[in-house]
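What follows is a short report on a single structure.
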Amino acid sequence: MIGDLDFGPVGILDIGSNSVRLVVYGGNARVPSILFNEKVMAGLGRGLGADGAMDEEAMTMALDALQRFKAIAKLMRVKRLRTVATAAVRDASNGPDFLYAVARMGLKPALLSGEEEAVASALGVLSAIPWAKGVVADLGGGSLELAGVARGHVGAVSSEPIGVLRVGDPPDADLIAEKLDHALADGQLARAAKGEGLYLVGGSFRAIAHLDLAASGHPLMIAHQHRIDPGRLPQLSGIVEAWGPDRLKAEAQISSQRIPHLPAAIAILSALVRTLRPDRVIISADGLREGLLYQDLPAEERGHDPLLAAALEVGRRLGRFGDIGALLDQWIAPLFPDDGQHKARLRLATCLLGDIAWNAHPDYRAERAVDLALHGNWVGIDAQGRALIGRALFTAFGGGGDFDPAVATLLSERNIARAEGWGRAIRLAMRLSGGIETVLRQSSIARAGKRLALRLPEAQARLYGPAVRKRHDQLAAALDLEAGLELA
């Protein structure tokens with residue numbers, strides 16, 4: 001379920017058309033945690049259309065940033081530092097000179113082809129959303145990469161020079177349409193997307209998601225796996241103009257460097273939707289950099305569920321008793337036969353996180369657990385999934401009062417009851433066992449007609465004290481059953 005916990009720190013220097021960025025990862029190789037993330041908006045791709053060369057000032061800014069990033073990576077004792085360059089350097093007449101200057105720093109820059117960039121971005125999406133099926137679209141400053149994905153594999157790919165820096169201001173709709181027609185000429189990508197998903201990668205697309213979240217008053221401002229209704233794109237375009245830079249930055253959390261490119265990004269996305277006709281449009285937080293890391297994993301590790309791998313790592317790190325989450329889930333699972341595969345996966349993730357807030361002040365344990373569930377850097381989960389886990393942990397840690405009413409609107413009444421049941425079952429299991437594996441293995445709980453039967457060995461009867469009885473009664477009431485103790 002989990003990858004190498006000691007694979008990092010590893011770093012990626014990403015020399016893009018709009019930004020130059022260093023990201024350092026650590027933790028779990030399957031779902032790496034970001035230890036450091038900094039970008040400089042050098043704008044290497046700006047001006048390429050005029051004379052085919054990168055601007056000297058932009059190159060100087062990029063090289064200065066790389067010098068700083070290299071020094072930081074050394075201080076952080078990064079085990080492996082990978083440097084990649086994409087569209088601007090690839091297309092510029094002075095690209096070789098720039099790469100030579102980068103190499104003189106002691107870095108080893110790899111110039112990715114458009115096809116290699118498309119594949120890496122698609123693998124990044126698959127690392128975070130393994131069930132993705134359709135087309136991945138990675139929008140940068142200098143290019144748009146498209147890749148078909150299905151069943152964990154990458155299919156046809158295409159790369160076109162229609163990044164946000166290259167389509168004009170205001171964006172040239174005819175140019176965008178012409179380039180997309182070229183990219184989709186053989187029909188493979190169009191067939192892959194029709195009626196399936198369009199998965200969006202890149203800072204400009206994430207900015208659209210943040211705008212959509214803010215404009216709709218969504219309770220969780222998290223872009224990953226947010227679905228954008230294509231019908232809202234004209235409205236979002238109007239909001240960009242109406243709100244202005246200050247409000248876009250304050251309410252939509254869009255950086256001042258991204259705001260000028262929003263009209264171009266919306267125009268490109270609108271053209272993609274019209275041309276590809278996907279069934280759904282979904283944002284992915286993971287892309288090129290994560291895809292490069294995912295590419296290096298053995299096939300077995302690639303197959304691990306990213307949400308469960310991350311929850312297991314966090315549970316191990318923050319829990320008191322090691323890895324008991326899977327056993328905890330096995331203990332409570334008989335009570336929830338209607339969960340189905342999707343809900344059972346979220347229930348397991350909840351159990352893996354079932355002891356994460358023990359060292360907080362007792363009055364704030366529920367608050368800490370909910371905050372991590374809602375705002376943790378998870379992938380392989382959408383906003384509703386976060387809310388479901390958060391609601392369950394709120395109950396498991398004895399949350400008093402009402403759960404966040406705004407977040408609760410993401411859940412149906414049935415799922416609120418489901419989450420409360422999970423939470424009360426976890427709360428009973430932890431009180432009964434004290435978090436000790438042996439007790440969970442020797443005991444069980446099950447529905448028996450109208451009774452909620454807790455079975456214990458005769459020798460462990462003393463474990464069924466008043467606090468355990470109280471939580472047993474509370475769980476039984478939540479499930480519309482009567483609590484009963486059976487000793488064997």
Side-chain angles (χ1 to χ4, degrees), residues 14-21 23 37 39-46 48-49 58 86-88 114 117-118 120-122 124-125 135-147 159-173 175-176 179-180 183 198-215 221-228 230 232-241 243 245 248-249 252-273 276 281-291:
D14 182 0
I15 305 170
S17 300
N18 212 10
S19 66
V20 176
R21 184 188 297 262
V23 184
N37 185 352
K39 71 176 183 291
V40 172
M41 303 297 283
L44 288 173
R46 195 177 299 114
L48 276 186
T86 54
E117 189 176 352
S121 295
V125 171
V135 168
V136 171
D138 182 0
L139 178 62
S143 65
L144 172 70
E145 276 67 48
L146 301 173
S159 178
E160 293 295 329
I162 46 174
V164 294
L165 298 176
R166 293 189 175 183
V167 297
D169 183 15
D172 186 335
L175 173 65
I176 294 170
K179 297 297 184 183
L180 279 183
L198 176 61
Y199 300 88
L200 306 181
V201 173
S204 293
F205 280 153
R206 285 195 298 275
I208 297 175
H210 282 128
L211 176 61
D212 189 39
L213 288 163
M221 286 289 292
I222 295 174
H224 181 68
Q225 283 191 228
H226 174 61
R227 289 194 178 195
I228 298 176
R232 277 180 54 81
L233 291 175
Q235 181 183 352
L236 293 177
S237 185
I239 291 172
V240 171
E241 186 174 348
W243 281 17
L248 289 169
K249 187 174 181 179
Q253 302 172 15
I254 301 172
S255 71
S256 55
Q257 298 99 329
R258 295 283 182 200
I259 290 171
H261 306 309
L262 275 170
I266 292 173
I268 292 169
L269 178 54
S270 298
L272 279 169
V273 169
L276 295 175
V281 178
I282 302 169
I283 295 290
S284 173
D286 288 2
L288 173 69
R289 293 177 293 275
E290 292 75 21

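- Ile254 places none of its side-chain heavy atoms less than 4.5 Å from the side chain of Trp243.
- To the nearest 0.5 angstrom, Leu139 atom CG is 5.0 Å from Ser204 atom OG.
- Glu117 meets the salt bridge (charged side-chain N to carboxylate O under 4.0 Å, His left out) test with Arg90; sequence neighbours excluded.
- Residue Lys39 comes nearest to Ser19 through the heavy atom pair CD-CB, 4.2 Å, listed as atom of the first residue, atom of the second, then distance.
- The nearest pair of heavy atoms linking Val281 to Pro230 is CG2-CG, 3.8 Å.
- Taking every heavy atom of both residues into account, Ser17 and Ala87 meet most closely at OG-CB, 3.5 Å.
- Partners of Gln253 by side chain to side chain contact (heavy atoms under 4.5 Å, CB included), not counting sequence neighbours, listed by chain and number: Met221.
- For Ser121, the side-chain hydrogen bond (donor to acceptor under 3.5 Å, both in side chains) criterion is met by Asp138, not counting sequence neighbours.
- By the 4.5 Å heavy-atom criterion applied to side chains, Leu236 and Ile208 are counted as neighbours.
- A search for side-chain hydrogen bond (donor to acceptor under 3.5 Å, both in side chains) contacts involving Gln225 returns nothing, not counting sequence neighbours.
- Taking Ser143 as the reference, Glu145 meet the side-chain hydrogen bond (donor to acceptor under 3.5 Å, both in side chains) condition, with sequence neighbours excluded.
- For Ser255, the side chain to side chain contact (heavy atoms under 4.5 Å, CB included) partners two or more places apart in sequence, or in a different chain, are Gln257, Arg258.
- Note that NE2 of His261 and CD1 of Ile268 are 11.0 Å apart. Values are rounded to the nearest 0.5 Å.
- Val23 is not listed as a side-chain neighbour of Asp14, based on a closest heavy-atom distance of 4.5 Å or more.
- Residues satisfying the side chain to side chain contact (heavy atoms under 4.5 Å, CB included) criterion with Ala285, sequence neighbours excluded, are His224.
- Taking each heavy atom of Ala120 and Leu288 in turn, the nearest pair found is CB-CD1, 3.4 Å.
- In terms of heavy-atom proximity, Ala215 sits nearest to Ile239 at CB-CD1, 3.6 Å.
- You'll find the side chain of Leu146 reaches within 4.5 Å of the side chain of Leu272, heavy atoms only.
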For this session: Mind running side chain to side chain contact (heavy atoms under 4.5 Å, CB included) on Leu180 and Leu144 for me, showing each step along the way?
Result: CA-CA 9 Å; Leu180 279 183; Leu144 172 70; 3.9 Å; yes
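- Separation of atoms CD1 (Ile162) and CD1 (Ile176) is listed at 6.5 Å; rounding is to 0.5 Å.
- By the side chain to side chain contact (heavy atoms under 4.5 Å, CB included) test, Ala209 is found to be paired with Ala223, His226, Ile228, Ile283, residues two or more places apart in sequence or in another chain being considered.
- Atom-to-atom distance recorded for Glu160:CD and Leu175:CG is 10.0 Å, nearest 0.5 angstrom.
- Minimum heavy-atom separation, Ala42 to Ala58: O-CB, 3.3 Å.
- Partners of Arg232 by salt bridge (charged side-chain N to carboxylate O under 4.0 Å, His left out), not counting sequence neighbours, listed by chain and number: Asp212.
- How far CG of Leu211 is from CZ of Arg206: 15.0 Å, rounded to the nearest 0.5 Å.
- Remark: side-chain polar atoms of Ser270 are paired, donor with acceptor, to backbone N or O of Ile266 under 3.5 angstrom.
- Annotation: side-chain hydrogen bond (donor to acceptor under 3.5 Å, both in side chains) contacts of Asn37 (sequence neighbours excluded): Arg21.
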